[in-house]
Every structure is written in C-alpha cells, then in structure tokens.
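For ligands, and for the atoms within them, numbers begin at 1 and follow the listed sequence. Here the structure is a predicted model, which is why all the values come from computation and not from measurement.
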Amino acid sequence: MKIVIIGNMGYVGPEVVERLRETYPTATLIGYDTGYFASCLAQVDYLPERKLDLQFFGDVRNFPDSILQEVDVVIYLAAISNDPMGNRFEQVTMDVNYKACIHVAKRAKAAGVKSFVFASSCSIYGVTNKLANEDSNVNPLSTYARSKVYAERDLRVLASDSFSITCLRFATACGISSRLRLDLVLNDFVACALASKQITLLSDGSPWRPLIHVKDMALAIDWAVGRSSSLGRFLAINTGSQSFNYQVRQLAEAVAFQIPGVEVVFHENAAPDKRSYHVDFERYQQLAPQHQPQYDLLSTISGLKEGLESINFSDVDFRKSSWIRLNVLNNLQSKDLLNSELRWHFQNQPAMITL
Ligand SMILES: NC(=O)c1ccc[n+]([C@@H]2O[C@H](COP(=O)([O-])OP(=O)(O)OC[C@H]3O[C@@H](n4cnc5c(N)ncnc54)[C@H](O)[C@@H]3O)[C@@H](O)[C@H]2O)c1
C-alpha cells in the first residue's frame, strides 16, 4: 500500500499521518507540502513528519507526476483553508483548493491510483433553514466554500469503477494537534478563556456550527481510504456527528462552564454571522459505523485546556500572532519570502527528504 498525503503539514495532516501509520504500519506514506506552517508546532516531542517514509516540499500547483508511480491512494488536504485567508488570497484559493486538486486527480487517475480522498467542508451549505443533508442545495458564501463546491463538482465526473472518489464534507475542526491553530471557533474560545478569562462573541452567537475533533477527521479519512467500492464510485458525505452540532453561544457557554471564572460577553445587537449551518450526519453514521467521532464537546475542551496549559499559554494578543494562519502568510509575505501568489521566492523544484 502506497499513500500520498498532499497538504500534510497543516493542522489536520499530522493527525492523519499518525492514524494511517497505526492502521497501515507497513504502508509507504508520502507527504507533499509547501510548508507554509512547517514551523508552527505546539506540544511535540518529535516532528510529525517522522512517521512518513518520504516528505516532499513543493507547490501543488506544480505537482510532478513522478510522485504518483505505483500509488494506491491520494489524500488531498492542501488548501488555503478558511474564509479570512480565502478573502485575502482569492485567486490562490481557487488555484490550490480547486484547479490544482482537479489536475492532480486527473493525473492520479491516469497513473492508475485507485482511490482519491478530498477534504471538503460543510461550509458549502452556507446558510440553512433546516437540517442539511447531502441532497440539500449548496449555498457557498465565500471564495473558500466556492472552491470546495467546484472541486466536488469536477471530481464527481472523474470517478470511475477503477478510481473511487470520496469527498468528506467536514464539520469545523477543533481540538489539540501538533500543529495547533487558534483561528477555529472552539480553539479560539478556549484560548481566550485561558489567556484573558473573557470570551467576547463578535456576533450574537446564534449561528449553528457543527464541529469535529481533528483526530476524528483523521479517523474519517482512514475510513475513506479503506472503504468498499461497493458504496459507490463517488461519495460526497457530511462528516461529523449529530451530537456535535451547536450554536456558537452554546460553545462559549460550555467553555465558560469548564474553565471557572470565565465571563462570556454577547453582542446582542451585533449582526449574526451570515454563515449558519445545521447539518445532518446520519449517512456517515450508516456508512461508517466503526469510524464514528470519539470526541464530544466536553472532552475536546478539556484536551485543548490541558494542551494549552502544558505549553504555558497566556498570550492575550494571540489573535495577532502566528497561532492564526492568515497572520503566518502575511508575515511570510512581509518578509518577502512569499510572493503575491504565495509561491516561495527561493524554490522552483520540489525538494525531497527521506525520513
Ligand atoms: N480546519 C477545518 O475546520 C476544516 C474543516 C473542513 C475542511 N477542512 C479542510 O481540511 C484540509 C486540511 O485543513 P487544515 O486545517 O489542516 O488546513 P491548514 O491550512 O492547516 O493546512 C493546509 C496545508 O496545505 C498546504 N498548502 C497550502 N497551499 C499549498 C500549495 N500551493 N502547495 C502545497 N501545499 C499547500 C499548507 O502548507 C498546509 O500545510 C483543508 O483542505 C481544509 O479546507 C478543514
């Protein structure tokens, strides 16, 4: 078994590598990433890439076909991965999340790869009046969400009996990871609670937001890698759990409940966040009963609290720091390391490291 994980050096990737190494101890695991967040490590005793056989440093917009030789599975995580980054880098978001994904999928199919797993997002639903299932209309409200809709649309027609495609429409990620990020709603709330004892909601807190722990995202990817082709040559599936569907104000209240002395400040007159999606995860429950999410709201909050306390986290200004992915990209640009297309100034060819 040979698996290529593209975009393995972000928040989710290290957990995916860890999980796949457990499930497939003898598999050849190959990472490919441009390394924007390579140095953003938290709570690690060793580099997460140590569990790979090979790490390539390269831009997915110049993905070399040679890496696909004798590969069984490609997992596509690479992305400009949230709305603020997508708004700032619109063209790059379309190029990386959508166009490069389709290009790699076509090359993978031509090279005889059997399975392609794509990290999609529940944000494609945008705003819902009722529980959104996989047959509901999509309503992408951002460049990021549109890039996922377009990628899914073009992947669908590439699927065949010998090339199965699974699009996992993930709920919003949360939880501790070796490349922890604090630009995610629950992670942000726990960080606010620990650093300043106050969680200030920028909206009225009414939007619905389904969540999933990063380790459970890895579990779902593990399922997609091993899923039977009898489930269909193309699957786009909501990935999360019915019980981890909350309104933003409930998330803040749960954090305040678990971390004593924390005040939650609501902006009752603030305009609600436009994105609000309440999602139905029943199909995932039916198709992947052995890979259901293990973490709930309370266990995720405790894990974040313990993880942040173990690194003595106390940065009241963390929203201005490199815990936030957009700040990392802006910083790399301001140092003239990345150009306007988010390409490194000093790298033309992929570099390879054998681990
Ligand atoms: N975090 C979430 O809430 C969430 C929710 C749903 C779906 N997803 C999706 O899951 C995937 C992984 O998310 P994440 O949180 O780990 O994102 P991340 O931003 O932390 O990591 C993305 C990785 O892709 C790499 N990358 C970006 N552009 C690249 C390029 N041009 N060439 C090569 N590598 C490139 C980055 O260096 C980074 O390591 C993404 O596709 C994301 O859209 C994430």
Side-chain angles (χ1 to χ4, degrees), residues 4-17 31-42 48-49 55-64 67 75-86 89 91-101 103-104 117-125 142-149 151-152 167-175 177-188 209-214 216-218 220-221 238-240 275 277 279 322-329 332 338-339 341-344 347 350-351:
V4 175
I5 306 142
I6 302 174
N8 65 294
M9 297 178 74
Y11 174 55
V12 177
E15 299 303 327
V16 172
V17 172
Y32 186 97
D33 200 298
T34 195
Y36 294 147
F37 312 112
S39 62
C40 301
L41 289 157
E49 290 70 47
Q55 174 71 56
F56 286 93
F57 289 98
D59 195 302
V60 75
R61 291 167 288 184
N62 300 107
F63 189 81
I67 294 177
I75 299 167
Y76 198 94
L77 303 175
I80 302 303
S81 62
N82 63 25
D83 286 350
M85 286 193 285
F89 302 106
Q91 189 56 50
V92 186
T93 300
M94 279 298 164
D95 290 346
V96 173
N97 302 14
Y98 164 44
K99 290 183 187 157
C101 168
H103 176 75
V104 172
V117 180
F118 175 64
S120 188
S121 166
C122 284
S123 66
I124 63 174
Y125 296 117
S142 64
T143 303
Y144 170 72
R146 268 189 297 281
S147 72
K148 297 291 184 185
V149 171
E152 278 197 15
C167 299
L168 297 166
R169 294 178 177 174
F170 285 118
T172 299
C174 58
S177 153
S178 47
R179 281 205 176 79
L180 177 65
R181 307 287 80 217
L182 298 180
D183 48 16
L184 296 149
V185 61
L186 188 63
N187 297 9
D188 171 270
R209 197 65 90 250
L211 296 184
I212 183 168
H213 195 288
V214 272
D216 288 328
M217 293 173 83
I221 287 172
N238 296 337
T239 310
R275 296 163 312 144
Y277 35 96
V279 179
S322 58
W323 290 106
I324 309 298
R325 282 168 282 202
L326 177 57
N327 295 343
V328 175
L329 296 182
L332 291 170
L338 289 177
N339 70 14
E341 293 176 353
L342 296 181
R343 291 181 194 268
W344 295 100
Q347 184 186 305

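- Each of the atoms 37 (O) of ligand 1 lies under 4.0 Å from some heavy atom of G35.
- Nearest protein heavy-atom contact of atom 42 (C) of ligand 1 is Y144 OH, 3.5 Å.
- With contacts defined as side-chain heavy-atom distances shorter than 4.5 Å, the pair Y76/V4 does not qualify.
- The pair R169-E152 meets the salt-bridge criterion, since a charged nitrogen lies less than 4.0 angstrom from a carboxylate oxygen.
- The heavy atom nearest to atom 5 (C) of ligand 1, out of those in S121, S147, A171, is found in A171.
- Closest approach of L342 and Y36 over heavy atoms only: O-OH, 2.6 Å.
- The nearest non-hydrogen atom to atom 34 (N) of ligand 1, considering only D59, N187, T34, I6, comes from T34.
- Considering backbone and side-chain atoms together, F170 places no N or O closer than 3.5 Å to any N or O of ligand 1.
- Side chains of Y32 and I5 form no contact here, defined as non-hydrogen atoms less than 4.5 Å apart.
- Across every non-hydrogen atom of P48 and R179, the tightest pair is CG-NH1, 3.8 Å.
- Some N or O of R325 is nearer than 3.5 Å to an N or O of ligand 1, by distance alone.
- If you number the atoms of ligand 1 from 1 as listed, the ones under 4.0 Å from a heavy atom of R61 come out as 31 (N).
- Note: no N/O pair closer than 3.5 Å links M217 and ligand 1 by distance alone.
- Using modelled atom types, one finds a donor on one side chain and an acceptor on the other under 3.5 Å when comparing N187 with Y11.
- Comparing A78, G86, A173 by heavy-atom distance to atom 3 (O) of ligand 1, the nearest is A173.
- At the top of the distance list for atom 39 (O) of ligand 1, counting protein heavy atoms only, stands D33 OD2, 2.7 Å.
- Between the side chain of R181 and the backbone N or O of S322 there is at least one donor-acceptor pair closer than 3.5 Å.
- At a heavy-atom cutoff of 4.0 Å, ligand 1 is contacted by the side chain of K148 but not by its backbone.
- The shortest heavy-atom contact between E15 and A218 is O-CB, 3.4 Å.
- At a 3.5 angstrom cut-off on N or O pairs, Y11 counts as close to ligand 1.
- Below 4.0 Å from some heavy atom of T172 lie the following atoms of ligand 1, by number and element: 3 (O).
- Remark: R61 engages D59 in a salt bridge, criterion side-chain N to carboxylate O under 4.0 Å.
- Looking at R181 next to ligand 1, no N or O pair under 3.5 Å apart turns up.
- Here's the thing with V60: one of its N/O atoms is less than 3.5 angstrom from an N/O atom of ligand 1.
- Close approach to L184 involves these atoms of ligand 1, each under 4.0 Å from a residue heavy atom: 1 (N), 3 (O).
- In terms of heavy atoms, C122 sits closest to V279 at SG-CG1, 3.9 Å.
- Closest non-hydrogen pair, N97 versus A151, comes out as O-CB, 3.8 Å.
- Within the set C101, A79, C40, A38, the minimum heavy-atom distance to atom 27 (C) of ligand 1 is found for A79.
- For the pair M9 and D33, the tightest heavy-atom approach, listed with the atom from each and the gap, is N-OD2, 2.8 Å.
- Within the structure, ligand 1 has G58 among the residues with a heavy atom less than 4.0 angstrom away.
- Closest to atom 7 (C) of ligand 1 by heavy atom, among S120, G31, A119, is S120.
- Among protein heavy atoms, atom 11 (C) of ligand 1 sits closest to L77 O, 3.3 Å.
- Checking only distances, S81 does come within under 3.5 Å of ligand 1, N or O to N or O.
- For atom 13 (O) of ligand 1, the nearest protein heavy atom (residue, atom name, distance) is V12 CG2, 3.7 Å.
- For atom 21 (O) of ligand 1, the closest heavy atom belonging to the protein is G10 CA, 3.3 Å.
- A donor-acceptor pair is defined here as one N or O able to donate and one able to accept, closer than 3.5 Å; no such pair exists between the side chain of K99 and the backbone of V92.
- Between I124 and Y277 the shortest side-chain heavy-atom distance does not fall below 4.5 Å.
- Under the 4.5 Å side-chain criterion, counting only non-hydrogen atoms from C-beta, L184 is in contact with R325.
- The nearest protein atom to atom 28 (N) of ligand 1, hydrogens excluded, is given as Y36 CE1, 3.4 Å; this is a heavy-atom distance.
- No N or O atom of I80 sits closer than 3.5 Å to an N or O atom of ligand 1.
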